[in-house]
Amino acid sequence: MQIQIPENEYWYGGYVWGSESMPVRGQDRKVFDFTINSTPNQGVPLLLSSQGRYLWGDDGSWAVMENGTILTEGDMEIREGYGNLRGAYKNVMKRHFPFRNITLDNVLFEKPVYNTWIELTFNQNEKDILDYAGDMLEHGMPPGVLMIDDGWSDYYGKWTFNVERFPHPEDMIRKLHDMGFQVMLWVCPYVTPDTTAYREAECRGLLIRKNGEPFILKWWNGYSAALDLSCPEAVKWLDIQLKKLIDAGIDGFKFDAGDSSYYDRGQQTFGDVLPDEMSRLWCLYGEKYPLNEYRAAWKAGGLSLMQRLCDKPHSWGKDGIGALIPDMLAQGILGMPFGSPDMIGGGEYLNFLENSDRLDQELFVRHAEIACLMPVMQFSAAPWRVLDQEHFRAVKRSVQIRQETLPYLMECIEDAKRTGEPVIRYMEYAFPGCGMAGENTQFMAGERLLVAPVYEKGASGRKVTVPRGKWRLADRVIEGDGSEQFFVTEPGVPVMLWYMGEKEENV
């Protein structure tokens with residue numbers, strides 16, 4: 001199928017990772033390969049247009065955009081006549097991924113999320129986790145959700161605490177609860193080979209196979225067997241282990257790995273599923289837990305999941321802090337509104353190990369500034385350790401701004417649960433046809449709050465395209481006419497404009 005693209009039409013969607021290049025126009029060249037999600041983040045075979053049409057594909061489809069046309073292969077359908085980007089999204093959402101039962105715990109949004117990964121990496125242990133939580137409170141950070149990351153168990157598939165590093169896990173959990181934290185644990189859908197859990201899973205037929213033998217996949221942490229999540233007995237086996245952790249006081253789980261790219265097209269499974277579908281089954285598994293987090297996902301629009309951006313390097317530019325706003329906007333337009341813009345400062349832990357004495361404190365502050373008005377604000381590197389007092393105060397100012405704005409943010413999140421509309425919205429989504437179709441560095445939070453964080457090194461403020469109408473900035477009124485205006489702002493404080501009315505839409 002070949003589709004013509006008018007010069008003023010913009011297209012959004014496909015994959016979250018790499019969204020700094022979105023939206024794209026007809027003269028741009030962009031390949032959307034939906035045969036498998038080869039990215040480390042979320043993907044949906046969906047492209048939406050600023051002119052009110054969309055392309056939806058089943059697994060195995062792809063699209064190439066260039067020279068004013070879109071060429072598609074595979075089972076892709078185009079639907080038209082929905083007016084604008086918002087109209088296209090609302091219709092594709094209702095047809096392909098309606099929001100039906102969002103049970104996410106609001107603590108993910110109401111309080112900060114803390115993750116132990118950057119501080120402890122694979123040395124997760126009871127003492128240091130309690131110290132991390134205690135230091136957080138001692139330095140004036142509010143309690144919230146604490147995620148204990150990879151390294152707390154003996155090996156993958158045996159989901160019990162290592163007794164040497166966690167001699168009293170239930171006591172640790174109780175102490176964390178007493179401090180005001182809810183506790184999540186890292187898990188993955190893999191089993192370490194040559195272990196008791198592996199032998200049990202193999203004997204019971206719970207593992208993915210290839211050529212008649214258990215399939216050993218390669219992922220970022222080595223080589224593992226993989227649970228066949230299309231097999232009901234494998235799901236029950238995992239359920240039993242996680243229930244014991246819930247009974248011990250754990251509140252939820254960080255469901256990591258499960259990337260499509262780690263599976264194999266020649267795999268043999270109970271349900272005869274391909275890699276993307278296995279990744280989707282991992283997402284469906286976690287919906288039963290109100291406290292969850294995912295990074296890799298396929299066709300996860302409309303699901304009751306909190307989804308994090310993939311680990312970003314500690315850097316400026318399009319692969320680091322410059323990717324946060326575009327990627328979060330892409331999450332929303334693909335039906336995943338409950339997102340986290342990675343761990344503040346960047347989630348790539350090697351950057352912190354190798355450059356611990358050369359971290360960019362300004363970047364850390366600007367990341368917090370971006371995150372403070374996103375659905376989830378997540379820390380990992382301890383800000384009091386990596387920052388001086390001045391920069392730490394700026395980060396705490398971002399936390400304060402979030403608390404001050406939280407009643408409105410929770411209105412947006414509850415609206416997303418009910419309607420399926422994004423929390424973080426493209427300007428074109430909120431103000432269609434007003435000349436902002438290519439804007440991806442500022443956003444609307446819900447209907448009324450325009451947010452424009454600083455994301456460039458050394459900047460004291462930024463240009464903001466202010467749509468036509470009246471806007472409130474602190475205690476003064478701004479008249480918007482669709483042009484750029486420059487605003488000076490202090491570190492940790494994004495430009496925040498509250499819409500007061502007179503919006504003009506070209507529907």
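The figures here come from the full heavy-atom set of this structure, side chains too, leaving out hydrogens, waters and symmetry mates. Count residues from 1 along the sequence.
Under the 4.5 Å side-chain criterion, counting only non-hydrogen atoms from C-beta, Leu497 is in contact with Phe487.
Under 4.0 Å is where a charged nitrogen must lie from a carboxylate oxygen, and between Asp131 and Lys127 at least one such pair does. Note on Asp171 versus Arg174: salt bridge recorded, some NZ/NE/NH1/NH2 to OD/OE distance being below 4.0 Å. For the pair Asp276 and Lys299, the salt-bridge criterion is not met [side-chain N within less than 4.0 Å of a carboxylate O]. Taking the charged nitrogens against the carboxylate oxygens, Glu456 and Arg462 have no contact shorter than 4.0 Å, which rules out a salt bridge. Remark: Arg295 engages Asp259 in a salt bridge, criterion side-chain N to carboxylate O under 4.0 Å. Here Glu233 pairs with Lys236 in a salt bridge; the nearest charged N to carboxylate O distance falls below 4.0 Å. The pair Arg366-Glu369 meets the salt-bridge criterion, since a charged nitrogen lies less than 4.0 angstrom from a carboxylate oxygen. Taking 4.0 Å as the cut-off between side-chain N and carboxylate O, Asp415 and Arg425 count as a salt-bridged pair. Looking at Arg385 and Asp135, no side-chain N of the basic residue comes within less than 4.0 Å of a carboxylate O on the acidic one, giving no salt bridge.
Note: Arg402 CZ to Glu110 CD = 9.5 Å, rounded to the nearest 0.5 Å. Atom-to-atom distance recorded for Asn106:CG and Phe338:CZ is 9.5 Å, nearest 0.5 angstrom. Note: Glu170 CD to Phe161 CZ = 9.0 Å, rounded to the nearest 0.5 Å. Interatomic distance, OG of Ser260 versus CH2 of Trp298, reported as 7.0 Å (0.5 Å rounding). Atom CD1 of residue Ile173 and atom CD of residue Glu126 lie 9.5 Å apart, to the nearest 0.5 angstrom. Taken from CD1 in Ile424 to CG in Leu409, the straight-line distance is 7.5 Å, to the nearest 0.5 Å.
Taking the six-membered ring where the residue is Trp, Phe97 and Tyr89 present tilted rings, their angle falling between 30° and 60°. Using cut-offs of 30° and 60° on the angle between ring planes, the pair Tyr132 and Trp384 is tilted. Ring planes of Tyr294 and Trp282: perpendicular class, angle over 60° (limits at 30 and 60°). Using cut-offs of 30° and 60° on the angle between ring planes, the pair Phe32 and Phe34 is parallel.
A donor-acceptor contact shorter than 3.5 Å links the side chain of Gln361 to the backbone of Asp388. Side-chain atoms of Asn41 never come within 3.5 Å of backbone atoms of Val16 as a donor-acceptor pair (strictly under, hydrogens ignored). Although no hydrogens or angles enter the test, the distance criterion places no donor-acceptor pair under 3.5 Å between the side chain of His314 and the main chain of Gly346. Proximity of a side-chain donor or acceptor of Ser398 to a complementary backbone N or O of Cys372 within less than 3.5 Å is not detected.
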Please test Trp219 against Tyr156 for ring pair (Phe, Tyr, Trp, His ring centres under 6.0 Å), starting from the C-alpha separation and ending with a verdict. CA-CA 13 Å; Trp219 59 303; Tyr156 307 132; 5.4 Å; yes
Side chain to side chain contact (heavy atoms under 4.5 Å, CB included) between Ile129 and Phe181: does it pass, once the steps are laid out? CA-CA 12 Å; Ile129 288 168; Phe181 292 94; over 6 Å; no
Salt bridge (charged side-chain N to carboxylate O under 4.0 Å, His left out), that's the test. Do Asp178 and Lys175 meet it? Break it down for me. CA-CA 5 Å; Asp178 289 345; Lys175 289 178 180 177; over 6 Å; no
Using the rule given for side-chain hydrogen bond (donor to acceptor under 3.5 Å, both in side chains), can you reason through His177 versus Asp251, listing the C-alpha separation, both sets of side-chain angles and the distance that settles it, and then say yes or no? CA-CA 10 Å; His177 284 161; Asp251 301 294; 2.8 Å; yes
Go through the steps to decide whether Trp117 and Phe122 satisfy the test ring pair (Phe, Tyr, Trp, His ring centres under 6.0 Å), and finish with yes or no. CA-CA 8 Å; Trp117 179 242; Phe122 293 105; 4.8 Å; yes
Walk me through whether Tyr289 and Phe255 qualify under ring pair (Phe, Tyr, Trp, His ring centres under 6.0 Å). CA-CA 10 Å; Tyr289 299 97; Phe255 296 97; 5.8 Å; yes
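Enclosure of atom NE2 in His139 by more than 12 non-hydrogen atoms of other residues, nucleotides or ligands within 6.0 angstrom is indicated.
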